[in-house]
Amino acid sequence: MKKVYSAAKSALDGLLFDGMTIAAGGFGLCGIPENLIQSIKESGVKNLTIASNNAGVDGFGLGLLLQDMQVKKMISSYVGENDLFMQQYLAGDLEIEFNPQGTLAERLRAGGAGIPGFYTATGVGTKIAEGKELKEFDGKTYVLERGLKADLAIVKAWKGDEQGNLTYRKTAMNFNPECATAGTVTVAEVEELVPVGALDKMSIHTPGVYVQRIFEGKHEKRIEQRTTRAA
Amino acid sequence: MKKVYSAAKSALDGLLFDGMTIAAGGFGLCGIPENLIQSIKESGVKNLTIASNNAGVDGFGLGLLLQDMQVKKMISSYVGENDLFMQQYLAGDLEIEFNPQGTLAERLRAGGAGIPGFYTATGVGTKIAEGKELKEFDGKTYVLERGLKADLAIVKAWKGDEQGNLTYRKTAMNFNPECATAGTVTVAEVEELVPVGALDKMSIHTPGVYVQRIFEGKHEKRIEQRTTRAA
Amino acid sequence: MPWDRNQMAERAALELEDGFYVNLGIGIPTLVSNYVPEDYDITLQSENGMLGMGAFPTEEEIDPDLINAGKQTVTELERTSYFSSSQSFAMIRGGHINLSILGAMEVSETGDLANWMIPGRLVKGMGGAMDLVAGVQRIVVIMDHANKAGESKLLKKCSLPLTGQGVVDRVITNLGVFDIVEGGLRLVELAPEVTMDEVHEKTEAAIVI
Amino acid sequence: MPWDRNQMAERAALELEDGFYVNLGIGIPTLVSNYVPEDYDITLQSENGMLGMGAFPTEEEIDPDLINAGKQTVTELERTSYFSSSQSFAMIRGGHINLSILGAMEVSETGDLANWMIPGRLVKGMGGAMDLVAGVQRIVVIMDHANKAGESKLLKKCSLPLTGQGVVDRVITNLGVFDIVEGGLRLVELAPEVTMDEVHEKTEAAIVI
């Protein structure tokens, strides 16, 4: 069982199909699977539903998939940074399902954990709860949210090994561990592929059981809001 | 805000009351909060409901709390290793609520995560689901399980710092992270209290926000099933 | 004289207690961190997965793997821990964060809060705001008392789609500090030289004594 | 000649596929690890929070912080990762473990499994068994075909309280291998010199061809 691939293209071989659902890690442009997104763009696959907290920016990250209208629907909490996105959205070419950020994260975790539904107070009394089942627990009202699974999860980690074990770095972790669990197949790109045993066993954030394919890639790691103080 | 205490007794000061619910980390005798259990025994607090995967052994771990009949009810998945437990159970002095191990773990996580209920396939069609709400998702039946919170959580970690950040070691992690989130107040005992900044930031398994009190203790770490192979 | 942005942030800093874990929204709430008392041990949570958020980095310190929920580059502290999004919101939803200070477009007299969408305008999404207002122990809103057209933002009922229902504990505006209580807003404090008459005039929501 | 314990375990090892993540119950299932083909890359999960469980330790290697779900001391491997109980069962419940091989007291012709309590006897609890049978992709049971009184353990309906309903995929007994299919048990394989007549005689559950 070899999990290691040479690059994004081979790692995605046979996995893509029109109309599929993809869960993508990353928050803004931080910790996004840059190489896999680029390769999905090049594949030309269409009608994608993508669960990702954000939608990238024009010309980078998930924004790349908008250039050829590959995305049918986004499941996101915030999509403000992308003009092309907004054009397609306003033109009715792109559907968006807004999920509160914590609900999206928990939906992905639940999907990966075999939990088809859970109750949360988030969104009760708002548009988000409309049409969803409400239930009272101990006198407080909660809304039923569904676990979310994806045909494919694409994630980015700092280091990974040949068994698919992954370690993330700082806030580049974000949604990646949840997405990794929610994919029927999960493909991981890492900055550094290390020998099995080289990772600290107590800081393997995604155990290899969740990762079917892995490759080492180069990462631009573009910064969205460069904010500094005087030295 | 000083979280550091000198020992179990002072760390528990003012927290114990008769009839309270305690969530206790550990699996078997592995990763149990030895010092806190001993101190709870000495406090004489009564009528406890304890959520813990197991119930210790005679004279060690949670078994200590049975000697003076301090426990009213256990919420556990397996309690086989304790004669005194069985005597009190058979005599009707001790109530037990069996939870499947994964359901117990998820109930504690949910309790700590503000999720009052979740659906699982575990136990559907068995005694465990009797009297609980069933619901169908995508043609499969699931049972509603409730989030579980405790008045107090007692956990044991390998290393911790003065901010309450905790790092566990190997399988001594087990239920400790879940219990830490489920306590209204959480007290942690560690093998080594280290300066803030000394823990690897990517392997802090329990962030300090969950820990209100912490102390360094000595640990016997008794082994339940010493099993070896020839060298 | 009504408070300016910085004075509102300074007033909001009085909401902090030593040892608090706090989540600050973008905009004026971010300024609150400039007014934390020196002897207080305050830990800032950033909902993208960080507890113990530090200052903005120097040019040399910039790390693309280290940003806050506003996607700005930040730094870490000795105490910092990192975690995934589901863990971050478990912390928020589970009531482990003591205080969130955030901005709003409207607040109602029953504590409803609207700050994520204006019908007819481009909707960017709620991000983590709905989780924060539903989960954090105490919600303090900082906002101008009236909008640019001079209309009260403290309403009987929000006109905009809600972010959360009955979630606000306290509102700090340029005119004063108000708690949401049974029956409406209770005045806690007035900005210097602001009169009760002015507040009444500029407030649609019921004010209770 | 019916299989003995080791032969049942050896037969069960044929259920493994290269790359599988596997959870083995206590008792005979544990023996399966002795028969893993050398060229297979198999990872054992231990539900107390470990993926990549190694052999028992030598005296020198014993570590009280390193035990398996049977509370026995074990060792780690290069590939090993550790995680908390909720993460361990997220893995199990979410269907990420390929195969679980476990013992049973009774299995019904519809795949019901009973292995955790006998009414009137001391009940110790189900541990992780209910989660495993409900969540793991494929459930293979190893058990004797009949109990000590000679009564079939493959029943039309379990007499004991269930661990899981309709969860068993395959049963390996000392007499042979049986799949749970529409209508009952389908014989997959007989132990050497065991006849179909003997199986019919010793099986209460319906056998389909």
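Within the 4.5 angstrom heavy-atom criterion, atoms from both the backbone and the side chain of C/Y82 approach chain B. Of the two parts of B/N165, only the side chain, counted from C-beta on, holds a non-hydrogen atom closer than 4.5 Å to a non-hydrogen atom of chain C. Contact of C/T80 with chain B is made through backbone and side chain together, with heavy-atom distances under 4.5 Å. Heavy atoms of C/I92 lying under 4.5 Å from chain B are absent altogether.
In this structure, the side chains of C/P119 and C/L160 come closer than 4.5 Å at one or more pairs of heavy atoms.
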Practice prompt. Report the C-alpha distance between C/Q45 and C/S88 in whole Å, list the side-chain angles of each, state the deciding distance to 0.1 Å, and finish with yes or no for side-chain hydrogen bond (donor to acceptor under 3.5 Å, both in side chains).
Written response: CA-CA 9 Å; C/Q45 203 245 20; C/S88 181; 3.2 Å; yes
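The most heavy-atom pairs under 4.5 Å with chain C, out of B/T181, B/D200, B/L199, B/D161, come from B/T181.
What you find for B/G164 and B/I214 is that their closest heavy atoms are CA-CD1, 4.3 Å.
Put simply, the side chain of B/D18 never gets that close to the backbone of B/N47: no donor and acceptor are under 3.5 Å apart.
Looking only at atom types and distance, the side chain of B/E34 has no donor-acceptor partner in the side chain of B/Q38 under 3.5 Å away.
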